[in-house]
Amino acid sequence: ASLGMGCNVSAAHPYVRDAPAERRLPAKIVLVPTVLTVDAQDLAADWQMPLTEVGIEQARRTGRLLRAMSGPQQQLLVYCSPYRRCQQALAEILDTLGVKDEGSCIVCEDVRLREQDFGSAQRPSSDRCSQFFYRFPSGESAADVHDRTLAWLEHFDHEMEQGGLGDKDTTILICTHGLTSRVLLMSWFKWSIEQFEASKNPENGQLLIMERDDRPVSPSQATSPTPP
């Protein structure tokens with residue numbers, strides 16, 4: 001399938017190898033959260049809800065920021081939620097980046113990066129209600145989202161161990177949702193429940209950037225970023 005940008009879309013990771021290889025870390029990992037930006041009258045199912053014009057412009061702005069950061073010729077490996085608004089945002093980002101050929105961009109759709117399922121009700125406003133543990137009726141809690149994204153992270157880490165995430169100049173773009181981005185950061189940086197509860201979802205199109213640091217670091221020097 002194609003996003004219309006000449007980018008190859010695959011359900012399975014294209015870099016899987018049969019034999020172990022040298023651990024290979026990408027140059028950057030960029031999280032791009034896409035929040036629900038739709039007209040109030042739109043009664044489509046959540047996963048089919050499109051971006052508004054405002055959301056489209058925000059995605060184009062994100063593409064401009066990415067191009068200014070890494071240049072138009074960067075090698076991209078993209079993981080994307082299957083939700084329509086994420087697919088639309090990604091298409092706008094890649095178009096703004098000027099990505100035209102399949103050799104410079106591979107897109108992998110993964111259902112584990114989808115939005116939290118809010119079920120049939122909104123979370124009560126009481127401070128006694130946990131942002132992490134509260135499960136929406138017929139929906140998910142943030143803890144549920146954490147569990148399924150943790151399964152994706154295990155796959156992602158395995159690919160790095162196998163040397164299968166492109167080369168050292170590759171930028172990995174993860175186009176997902178606000179809370180999903182937040183629980184990914186929680187897993188990556190070992191936030192406590194209290195740290196998660198004190199954090200907020202990132203804004204629509206906000207770039208969350210992790211860059212490879214090739215300087216040697218001793219265990220005593222290693223630190224994890226704290227939540228915003």
Side-chain angles (χ1 to χ4, degrees), residues 5 7 13 15 23-35 37 51 55-81 85-99 104-110 112-113 115 145-146 149-150 152-153 155-157 159-160 164-191 195-196 198-217 221-228:
M5 303 299 154
C7 297
H13 199 290
Y15 287 125
R23 181 178 173 88
R24 185 179 297 164
L25 298 177
K28 297 182 184 70
I29 299 175
V30 182
L31 281 165
V32 182
T34 303
V35 301
T37 309
L51 290 175
I56 290 171
E57 181 50 42
Q58 288 173 330
R60 291 170 180 165
R61 181 188 63 192
T62 298
R64 292 192 291 270
L65 290 172
L66 280 171
R67 184 157 67 174
M69 180 180 69
S70 300
Q73 302 305 317
Q74 61 188 308
Q75 178 74 24
L76 281 177
L77 172 57
V78 182
Y79 291 92
C80 188
S81 162
R85 52 189 177 272
C86 271
Q87 300 283 329
Q88 287 180 313
L90 178 58
E92 295 293 341
I93 289 169
L94 296 179
D95 189 46
T96 303
L97 281 172
V99 175
S104 62
C105 175
I106 295 176
V107 179
C108 304
E109 182 182 293
D110 199 303
R112 292 169 293 188
L113 296 175
E115 175 66 286
V145 179
H146 175 273
T149 56
L150 190 60
W152 177 83
L153 274 176
H155 166 76
F156 183 84
D157 289 342
E159 287 302 301
M160 283 198 291
L165 293 179
D167 58 33
K168 64 182 180 64
D169 297 319
T170 296
T171 294
I172 293 179
L173 191 65
I174 303 173
C175 193
T176 181
H177 306 269
L179 184 126
T180 311
S181 296
R182 194 166 149 211
V183 295
L184 281 170
L185 292 173
M186 181 187 186
S187 296
W188 252 313
F189 298 116
K190 311 301 181 187
W191 292 350
Q195 287 176 310
F196 177 88
S199 68
K200 296 180 180 179
N201 287 354
E203 296 180 0
N204 186 38
Q206 179 183 353
L207 296 182
L208 307 174
I209 304 168
M210 293 171 280
E211 295 186 274
R212 188 184 66 239
D213 188 346
D214 293 325
R215 296 173 298 177
V217 178
Q221 294 175 306
T223 58
S224 295
T226 54

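Below, all heavy atoms of this structure are taken into account, side chains as well, without hydrogens, waters or symmetry copies. Residues: numbered from 1 along the sequence shown.
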For this session: With the side chain counted from C-beta on, respond yes when Ile174 and Trp152 share a heavy-atom pair under 4.5 Å apart, and no when they do not.
Result: yes
Exercise. Do NZ/NE/NH1/NH2 and the carboxylate oxygens of Arg64 and Glu57 come within less than 4.0 Å?
Worked result: yes
Problem set entry | CZ-CG distance between Phe189 and Leu184, expressed to the nearest 0.5 angstrom | 10.5 Å
Exercise. Between Pro33 and Pro202, what is the shortest heavy-atom contact and its length?
Worked result: CG-CG, 3.5 Å
Problem set entry | Rounded distance (nearest 0.5 Å) linking atom CD1 of Ile106 with atom CD1 of Ile172 | 11.0 Å
For this session: For Leu208 and Ser181, work out which heavy atoms get closest and say how close.
Result: CD1-CB, 4.3 Å
Exercise. Under 3.5 Å, is there a donor-acceptor pair between the side chain of Glu92 and the main chain of Ala59?
Worked result: no
Exercise. Measuring from Gln58:CD to Gln206:CD, what's the distance to the nearest 0.5 Å?
Worked result: 11.5 Å
For this session: Over all heavy atoms of both residues, which pair between Arg60 and Thr96 is shortest? Give the atoms and the distance, please.
Result: O-CG2, 3.5 Å
For this session: Grab the two heavy atoms, one from Leu31 and one from Met210, that are nearest each other, plus how far apart they are.
Result: CD1-CE, 4.5 Å
Exercise. Could you state the interatomic distance from CZ (Arg67) to CD1 (Ile93), rounded to the nearest 0.5 Å?
Worked result: 13.0 Å
For this session: Look at the side chain of Arg212 and the backbone N and O of Pro26, then say whether any donor-acceptor pair between them is shorter than 3.5 Å.
Result: yes
Exercise. Looking only at heavy atoms, what is the nearest atom pair of Phe196 and Arg182, with distance?
Worked result: O-NH2, 3.0 Å
For this session: Could you pull out all residues at least two apart from Glu211 that satisfy side chain to side chain donor-acceptor pair (under 3.5 Å)?
Result: none
Exercise. Could you walk me through whether Thr180 and Glu115 pass the side chain to side chain contact (heavy atoms under 4.5 Å, CB included) check?
Worked result: CA-CA 6 Å; Thr180 311; Glu115 175 66 286; 4.3 Å; yes
Exercise. In Å and rounded to the nearest 0.5 Å, what is the CE to CG distance from Met69 to Leu207?
Worked result: 6.0 Å
Exercise. With side chains defined as the heavy atoms from C-beta onward, is the minimum distance between Val32 and Thr176 less than 4.5 Å?
Worked result: no
Problem set entry | Distance (rounded to the nearest 0.5 Å) between Cys175 SG and Asp110 CG | 13.0 Å
Problem set entry | Validation row: Leu66, Leu76 side chains within 4.5 angstrom (heavy atoms) | no
For this session: Look only at the side chain of Thr34 and the backbone of Arg85, and say whether a donor-acceptor pair between them is shorter than 3.5 Å.
Result: no
For this session: Answer whether the closest heavy-atom distance between the side chains of Leu173 and Cys80 falls below 4.5 Å.
Result: no
Problem set entry | Closest heavy-atom pair and its distance - Leu97, Gly63 | CD2-O, 3.5 Å
Problem set entry | Positive for side chain to side chain donor-acceptor pair (under 3.5 Å) with Ser81, one of Glu109, Gln87, His177 | His177
